[in-house]
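Position 1 is the first residue of the sequence; numbering continues from there. Every heavy atom of this structure was used, including side-chain atoms; hydrogens, water molecules and symmetry mates were not.
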Amino acid sequence: MSVPMNLSLRLRYAALSLLAVACQPQENQPLESKTPATRAAVMRHHDELMARMDGLISERQRLAAQLVGLDSTTTSGQAKAERLHRIIRGLRRADAAMMTWMHQYKEPDTVQLTAHQYEDFWAAEAQELTDLERQMTAALDSAKAVR
């Protein structure tokens, strides 16, 4: 039994149409697959900052040890102690800011976001990490200046 020619063509057309639609990116498809480079860059930046966290701790300990040995009865000793306390506070703030970012970080719900919202999310995270990096660098530079 043969299929009439126009029915056969219609079936082929329908199959090709379904195939074409299946190959198109769908809106409800996870957005991670659309912008993996953006997410990866943010995660790399985070990892780089995490590698510097030990420096914050070791510099804070080093400066705290210097505080113990200071003669705080002299004017110069008091001035140096104030400076060390200020730098230690900066190191603590940088550490706390990074910890806050990590505790507040949550992967976005990609099903609910548009591609634009998803990109905005990662842009905001990248900016936040850049700000954290500046804070961390300033704190570490200040600590290293006291040798």
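For the side-chain contact (heavy atoms from CB on, under 4.5 Å) test, residues two or more places apart in sequence or in another chain that qualify with Arg83 are Arg86, Ile87, Ala145, Val146. With sequence neighbours left out, the side-chain contact (heavy atoms from CB on, under 4.5 Å) criterion links His116 to Thr114, Asp120.
Side-chain contact check for Met98 versus Met50: some heavy-atom pair is nearer than 4.5 Å. Residues Ile57 and Leu91 are not in side-chain contact: their nearest non-hydrogen atoms beyond the backbone lie 4.5 Å or more apart. For the pair Thr100/Gln104, a side-chain contact is recorded, criterion being any heavy-atom separation below 4.5 Å from C-beta on.
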In sequence, state the C-alpha distance, the side-chain angles, and the governing distance for Gln112 and Tyr118, and then conclude on side-chain contact (heavy atoms from CB on, under 4.5 Å).
CA-CA 9 Å; Gln112 301 297 322; Tyr118 187 70; over 6 Å; no
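Among residue pairs with one or both ends in residues 68-93, none qualify as ring pair (Phe, Tyr, Trp, His ring centres under 6.0 Å); sequence neighbours excluded. Residue pairs meeting the ring pair (Phe, Tyr, Trp, His ring centres under 6.0 Å) criterion with at least one member in residues 45-80, sequence neighbours excluded, are His46-Trp101. Note on residues 49-64: pairs passing salt bridge (charged side-chain N to carboxylate O under 4.0 Å, His left out), not counting sequence neighbours, are Glu59-Arg62, Glu59-Arg147, Arg60-Asp95. Listed by first then second residue, pairs satisfying salt bridge (charged side-chain N to carboxylate O under 4.0 Å, His left out) with a partner in residues 130-142 read Asp131-Arg134, not counting sequence neighbours.
Atom CG in Leu63 sits 12.0 Å away from atom CZ in Arg89 (nearest 0.5 Å). Distance CG/Leu67 to NZ/Lys80: 9.5 Å, rounded to 0.5 Å. The distance from atom OG of Ser142 to atom CG of Leu84, rounded to the nearest 0.5 Å, is 11.5 Å. Atoms CD1 and CD, on Ile88 and Gln66 in that order, are 8.5 Å from each other to the nearest 0.5 Å. Atom CG of residue Leu140 and atom OG of residue Ser58 lie 8.0 Å apart, to the nearest 0.5 angstrom. Taking CG of Asp109 as the reference point, atom CZ of Phe121 lies at 11.0 Å (rounded to 0.5 Å).
Smallest separation of non-hydrogen atoms from Ala97 and Gln135: CB-OE1, 3.4 Å. The minimum heavy-atom distance linking Leu70 with Gly77 is given by the pair CD1-O, 3.8 Å. What you find for Ala139 and Gly90 is that their closest heavy atoms are CB-O, 3.7 Å.
Look at Arg39 and Glu107 and you find a salt bridge, because one of the NZ, NE, NH1 or NH2 atoms lies within 4.0 Å of a carboxylate O, short of that distance.
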